[in-house]
Structure formats: C-alpha cells, structure tokens
Amino acid sequence: MAARGKKLINDPNDVVTQFIEGLAETYPGLQYLDGFPEIKVVLRSDVAVGTYDKVAVICGGGSGHEPAHGGFVGQGMLTAAVSGDVFTSPPVNSILAAIRAVTGPKGCLLVVTNYTGDRLNFGLAAEEAKSEGYKVEMVIVGDDCALPPTQGIAGRRGLAGTILVNKVAGAAADAGLPLEEVAEQARHASELVGTVGVALSVCTLPGQDTSDRLGLEQIELGLGIHGEPGTAVTELQPVDVVVTRVLKQILSPETRYVPITRGDRVLLLTNGLGATPIMELMIATRKAVRELQLEYGIATDRVYTGSFMTSLDMQGFSISIMKSDAAILQCLDASTKAPCWPAGTNDMAYSAGDRQKPAKISVPAPPSCAMKSDKMLQQSRELTKEGCILEASIEAGAKEIIRIKDSLNEWDSKVGDGDCGTTMYRGAIAILDDMKKCYPMNDAAETVNEIGATVRRVMGGTTGILYDILCKAAYASLKGIKTVEAKHWANALQASIDAISKYGGARAGYRTMLDALIPASEILRERLEAGDDPLDAFIVSSETAMTGAESTRHMQAQAGRSSYIAADKLASAPDPGAMAVAAWYRAVALSLKSMSRHSKS
C-alpha cells in the first residue's frame with residue numbers, strides 16, 4: 001500500500017524557489033533572478049546584463065535533479081541555469097529571462113536534454129531571442145542507451161551525460177571561442193556519450209505518495225530520471241553483475257549508441273540518483289573501470305563519481321561513458337568555479353604517466369611481523385600440551401562469536417548502529433585463519449599479542465581498538481612468564497580491564513563490556529585466592545560474566561553510541577559488547593571443562 005513520502009520541506013509548491021534561495025546563500029558566486037515563482041533562474045554573480053564578452057552557456061529543465069543544473073553554474077561551466085517545477089520543463093518566459101540576463105555580443109548556447117517539453121520550450125525561446133537580436137545556438141543531448149534505437153520522433157532521453165557536455169561547452173566558451181565553435185564542441189561531445197540508469201527504488205515527489213511499483217528484492221534497469229518505468233525489472237543482484245549488464249548495454253555493437261571500440265580511451269561518470277551512498281557508487285565505479293579494461297580493452301582517462309543529476313530521493317545510479325580525445329580532455333580538465341563540479345579532478349594533476357601508476361601499493365610490514373623467524377613459527381606448530389589447550393580455547397571462543405553473530409547484530413540494531421555482530425564475526429574469522437599460520441601457541445603472551453594484531457587489522461572502530469588494548473595489556477602482564485598459570489591469567493584479565501577503563505573511560509555500571517569483565521575478574525581472583533580448583537573458579541567466573549552482561553538491560557549507557565539512546569529503548573536489549581565478551585569468555589571456560597573431562601576418561 002502506498003504511503004505519503006517523508007520530506008524535509010515546507011510547502012511542496014515552494015521547494016524549487018526555496019532550494020534556489022539556499023543555493024545562493026551557500027555559494028556567493030551565484031545569484032537568481034527576482035521573478036519567483038514563475039521565473040526560476042540561477043546565474044553567475046559576475047556576469048552583468050548585456051555586457052558578457054564570451055559565449056553564454058545555458059542549460060535547464062525540470063527540477064528534482066539537483067545539483068543539476070544550478071549547482072553547475074560558474075566560470076568555466078554554465079553561465080545560467082533555468083529551473084521548472086519538479087519534473088516539469090521551464091516555461092518559455094523563464095528561458096527568455098535567462099537569455100536576456102547573461103547573453104552579450106557573442107551570443108549564447110542552449111544545452112537541452114532530449115525531452116519533448118524541454119525541446120519545445122527552449123526551441124521557442126531560442127526563436128524569440130533571435131527575433132530580439134540575440135545570437136542563439138541549441139544543442140540537444142540524448143545520451144540514453146536503454147531504449148531501442150527506433151523511438152519515433154521522441155528519440156533518446158537526455159541523462160547524466162549532459163553534465164559532461166555542459167563542462168565541455170563551458171570550457172570552450174570560457175576559452176573565448178566563438179558561438180559556432182562552442183556549439184560544435186558541445187555537439188561533438190554529445191555524440192560521444194552514452195548512459196544507462198539503474199534504480200532500487202522509485203522516487204517520491206514532494207507532497208505525493210511513495211510508489212510501491214518496485215518490490216523489496218527488485219531493481220529496474222534503463223529508467224529515466226523522472227520516475228518513469230525502465231525497460232526491465234529484475235531481481236536484486238550484486239552490483240558487479242548490474243554494472244556488467246549496464247556496460248554491455250551502453251557498448252552494444254548492435255545498437256552502436258556510442259562510437260567506442262576496443263583500444264579506445266574513455267571518460268567514466270558514475271552518477272548517484274539521489275539516495276545512494278557514496279560507498280555504493282565507489283563500488284560500482286571500481287567494477288566499471290576493471291570491466292572496461294579487462295573485458296572491452298578500454299582504458300579510462302578520467303573517472304568522476306558522485307551525485308550529478310539525480311531523481312529526487314531515488315536509490316540507484318547511472319553510468320555514463322564518453323569517448324575521450326585531446327579536445328574533450330582539455331575541456332574537462334579546464335578550471336571551473338561551478339560549485340558542484342568535482343574539484344579534485346581538476347586540482348589533481350594528470351600528467352602523462354599518472355594513469356599508469358597502480359591504484360594500490362603494498363602495505364609496509366610492521367617490524368614484529370617482518371622479523372619473525374621461521375624457527376619460531378616452526379616451534380609454534382609443534383604444540384606442547386599447554387599450546388594445544390590454548391589453541392582449542394581460542395577456537396572455541398571464536399566459533400561462539402560466529403554462532404551468535406545475528407543475535408549481536410539484532411541487539412545492536414536496537415541500541416547502537418547494528419553492526420556489532422558483523423564486526424565481531426570479522427575478527428573471529430580472521431583469528432581462526434591467522435591462528436593456523438602465525439600464532440606461536442606455545443608462547444601464551446606472544447599468542448595474545450598476535451590476536452591483538454589480528455583484531456586491529458580487521459575489526460576497526462571502537463570495538464577493534466578496545467580488544468586490541470585488551471590484548472596488549474594482557475600481553476604485557478604475561479610477557480616473560482615461562483609457565484603461565486591460572487593466577488597469571490587472572491592478573492592479565494585485571495590488567496586488560498584497567499587498560500580499557502583507562503583509555504576508554506568506562507567504569508562498572510556504564511553499560512559496556514566491562515560490566516561482564518569486572519565481576520568475572522573479581523570472582524575469579526576471589527575463588528583462586530580461596531584455594532578453589534582453577535577450572536571451577538573459571539567456570540563460576542564465566543557464569544558471573546554472563547550475568548553481568550545480562551544486567552546491562554537495566555543500565556543507562558554512559559559510554560559509546562548507546563549513550564545517545566533513551567533509557568526505555570535500552571531496556572529492550574542487553575549491551576551487545578558485554579554479551580559478546582561474556583559469550584566467548586564462557587565458551588573458553590566450557591571448552592577447558594570439556595577437555596578436562598576427556599583427559600580424565
């Protein structure tokens with residue numbers, strides 16, 4: 001059932017004008033014409049009416065595609081941008097107002113996306129401007145590669161490739177070229193670019209219901225930028241598979257939408273459609289660059305990743321590929337003050353050899369790893385009885401974390417950011433892998449130190465560093481002890497607690513992992529000092545750890561992300577960090593108990 005979309009807006013009828021006002025407040029180099037609500041034009045603040053001595057470049061269309069096109073107004077790109085209402089072509093009077101405001105003796109170029117409304121309104125405005133004495137040229141951009149070649153008079157839709165065309169046109173105009181040459185360069189660029197879009201969700205217009213056209217496990221291929229249906233709906237697939245399909249569509253030898261063949265060089269633009277995290281866009285870019293090179297024999301001269309031409313809050317992306325040549329590269333690399341053009345692509349020099357440098361280089365090995373001798377590792381494989389017990393204990397603790405991964409994530413989704421289980425799982429898997437390769441099990445202190453190194457490498461975040469601190473403190477406590485006994489492990493546990501408290505700032509009752517470790521340590525030391533059997537003391541200690549972890553349900557968090565959560569929300573789940581530490585601690589104790597039984601039988 002469709003539901004009203006949630007938006008951070010005021011009146012749905014004012015979203016475009018209020019966006020323009022905010023844009024001008026944010027970027028001092030931009031102004032807008034005082035013609036709201038009918039006339040919505042963003043223009044360069046350094047261009048005076050009728051006096052501009054270069055070709056003006058104007059683009060526009062319906063709103064909802066921000067930052068296009070107002071965010072690309074600036075020296076070296078657009079001179080003005082004309083906005084219609086959301087997904088509605090701007091009226092002729094708005095386009096004429098933009099032409100009159102920025103066009104000087106050298107004339108203006110209108111860059112128009114290939115939609116019927118845009119073509120008609122910009123075309124009529126161009127004719128009216130010519131009748132007023134202005135020199136006007138118009139270039140239509142239709143870079144869509146999703147639709148079949150024959151589409152009647154409608155033709156291919158204008159998509160994110162328009163951004164690259166605008167940059168080429170803006171740079172040519174800024175270089176002082178005459179109108180005819182600026183138009184020719186823009187037209188040439190438009191013929192070299194192709195785009196295909198993919199959506200995971202349908203966009204929601206301000207004040208309207210959210211469409212339920214796409215199911216939770218579906219994606220749509222070949223859609224436009226106005227929420228109109230795509231050419232195919234398919235099941236959600238890994239992004240590498242989706243990118244492969246998109247590139248195949250753009251570079252199809254049957255349609256030949258773009259004149260790109262093996263051995264050519266291209267420009268790649270990965271464009272977010274409004275609600276796609278930059279992380280996901282970068283993952284798509286990573287695949288696209290590799291696929292172009294390995295499957296098509298095509299090298300990328302430039303790569304642009306970000307949100308350039310969106311579709312409100314649509315989740316998805318489009319990929320645009322433009323054939324590269326010297327003139328195109330010169331225009332794209334030219335400086336611009338357009339606020340939403342990716343500045344880093346211009347600031348970072350592209351010398352002749354830059355693209356030949358590898359994207360990744362080796363990580364320098366830390367001295368402790370680089371200096372390990374083969375003899376030490378060989379000795380670690382010839383395990384003593386204590387080494388076998390330590391290995392089995394570590395394996396038991398790691399496997400328990402793997403088992404409760406989903407539970408940890410579920411608890412963390414209620415009181416944190418939902419990834420505790422995933423983070424702990426990553427560490428547990430790495431520990432199981434590393435213990436077979438480089439843990440010197442016959443040396444308890446060095447093994448604990450290596451566990452810390454593993455955790456630091458793979459876990460990250462607060463959890464990773466806390467466990468690293470735990471291991472480093474335990475290592476310092478155990479180092480130099482030839483035969484490690486129960487009392488030494490108890491001292492190491494207390495040293496770890498002290499270190500975590502010192503650097504993390506937590507105490508008992510703060511709703512953290514320490515609420516499991518502190519009572520466990522206290523009871524362990526108490527039972528050992530009373531002369532109890534070490535294994536029995538450890539079992540009771542592990543039960544106390546679990547009880548302490550469960551008690552965090554009734555605590556108000558004073559550390560970590562949970563400290564931002566209301567008390568009634570916290571009561572719905574125990575602290576996942578405390579449950580994790582109690583779980584592996586308990587698993588180790590039970591493993592030792594099981595081994596003890598087997599040895600006696």
Side-chain angles (χ1 to χ4, degrees), residues 16 38-42 55-65 68-70 72 78-100 102-103 107-132 134-170 179-180 182-195 197 222-228 257-258 308-309 311 318 320:
V16 180
E38 290 80 12
I39 293 174
K40 297 179 279 286
V41 175
V42 177
V55 172
V57 179
I58 302 172
C59 188
S63 296
H65 309 301
H69 295 280
F72 298 107
L78 297 180
T79 321
V82 192
S83 296
D85 292 328
V86 174
F87 294 171
T88 303
S89 179
V92 172
N93 286 344
S94 289
I95 302 167
L96 272 173
I99 294 171
R100 293 165 183 155
V102 298
T103 304
C108 75
L109 172 67
L110 303 178
V111 180
V112 183
T113 52
N114 190 31
Y115 295 97
T116 302
D118 289 342
R119 287 202 322 270
L120 292 175
N121 283 289
F122 276 87
L124 183 55
E127 294 305 315
E128 180 66 27
K130 289 176 185 177
S131 71
E132 295 178 11
Y134 293 100
K135 293 191 289 185
V136 182
E137 290 277 354
M138 192 163 77
V139 170
I140 307 293
V141 181
D143 54 314
D144 184 13
C145 295
L147 300 174
T150 302
Q151 284 296 309
I153 62 171
R156 297 161 60 192
R157 298 169 294 194
L159 302 175
T162 308
I163 305 300
L164 297 174
V165 175
N166 284 341
K167 182 63 174 67
V168 169
L179 177 59
E180 293 74 15
V182 173
E184 179 53 38
Q185 289 209 24
R187 196 169 289 112
H188 173 65
S190 72
E191 294 167 352
L192 300 180
V193 64
T195 301
L223 72 167
I225 52 173
H226 303 100
E228 66 268 36
Y257 276 134
V258 287
F308 302 94
M309 182 180 280
S311 186
S318 65
S320 301

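These numbers come from a predicted model, not from an experiment. The first residue of the sequence shown is numbered 1, and numbering continues consecutively from there.
- N93 places none of its side-chain heavy atoms less than 4.5 Å from the side chain of E38.
- Annotation: side chain of N114 is in contact with side chain of R119 (closest heavy-atom distance under 4.5 Å).
- Under the 6.0 Å cut-off for aromatic ring centres, F308 and H65 do not qualify, their centroids lying 6.0 Å or more apart.
- Counting only heavy atoms from C-beta outward, the side chains of K135 and T103 never approach each other to under 4.5 Å.
- In terms of the side chain to side chain donor-acceptor pair (under 3.5 Å) criterion, T79 has no residue partners (sequence neighbours excluded).
- Put simply, the side chain of S63 gets close to the backbone of G84: a donor and an acceptor are under 3.5 Å apart.
- For the pair A80 and V41, the tightest heavy-atom approach, listed with the atom from each and the gap, is CB-CG1, 4.4 Å.
- Checked by atom type and distance alone, the side chain of Y115 pairs as donor or acceptor with a backbone atom of G158 at under 3.5 Å.
- Taking E184 as the reference, R187 meet the salt bridge (charged side-chain N to carboxylate O under 4.0 Å, His left out) condition, with sequence neighbours excluded.
- Looking only at distances, no side-chain donor or acceptor of S190 sits under 3.5 Å from a matching main-chain atom of G142.
- Here the options are L110, V111, L109, the test is side chain to side chain contact (heavy atoms under 4.5 Å, CB included), and the partner is I58; only L110 passes.
- Considering CG of D85 and NZ of K40, their distance stands at 4.0 Å, rounded to 0.5 Å.
- Applying the side chain to side chain donor-acceptor pair (under 3.5 Å) criterion to T162, with sequence neighbours excluded, gives no partner residue.
- Scanning for ring-ring contact (aromatic ring centres under 6.0 Å, His included) contacts around Y134 gives an empty result, with sequence neighbours left out.
- Listed by chain and number, the residues in a side-chain contact (heavy atoms from CB on, under 4.5 Å) with E128 are L96, S131, E132 (sequence neighbours excluded).
- S311 places a side-chain N or O within 3.5 Å of a backbone atom of I225 that can act as its donor or acceptor partner.
- Between atom SG of residue C59 and atom CG of residue D118 there is a gap of 8.5 Å, rounded to the nearest 0.5 Å.
- In plain terms, the two heavy atoms of L223 and R157 that are nearest each other are C-NH2, 3.7 Å.
- Between the NZ atom of K167 and the CG atom of L78 there is a distance of 10.5 Å, given to the nearest 0.5 Å.
- The heavy-atom pair separating V55 from C108 by the smallest distance is CG1-CA, 4.2 Å.
- Across every non-hydrogen atom of F122 and P90, the tightest pair is CE1-CG, 3.9 Å.
- Nearest heavy-atom pair, V16 versus S83, reported as atom, atom and distance to 0.1 Å: CG1-CB, 4.1 Å.
- Between N166 and F72 the shortest side-chain heavy-atom distance does not fall below 4.5 Å.
- Counting heavy atoms from C-beta outward, P91 and I39 have side chains that stay 4.5 Å or more apart.
- Take N121 and apply the side chain to side chain donor-acceptor pair (under 3.5 Å) test, not counting sequence neighbours, and it matches S89.
- The two residues G161 and T195 have their closest heavy-atom pair at N-OG1, 3.5 Å.
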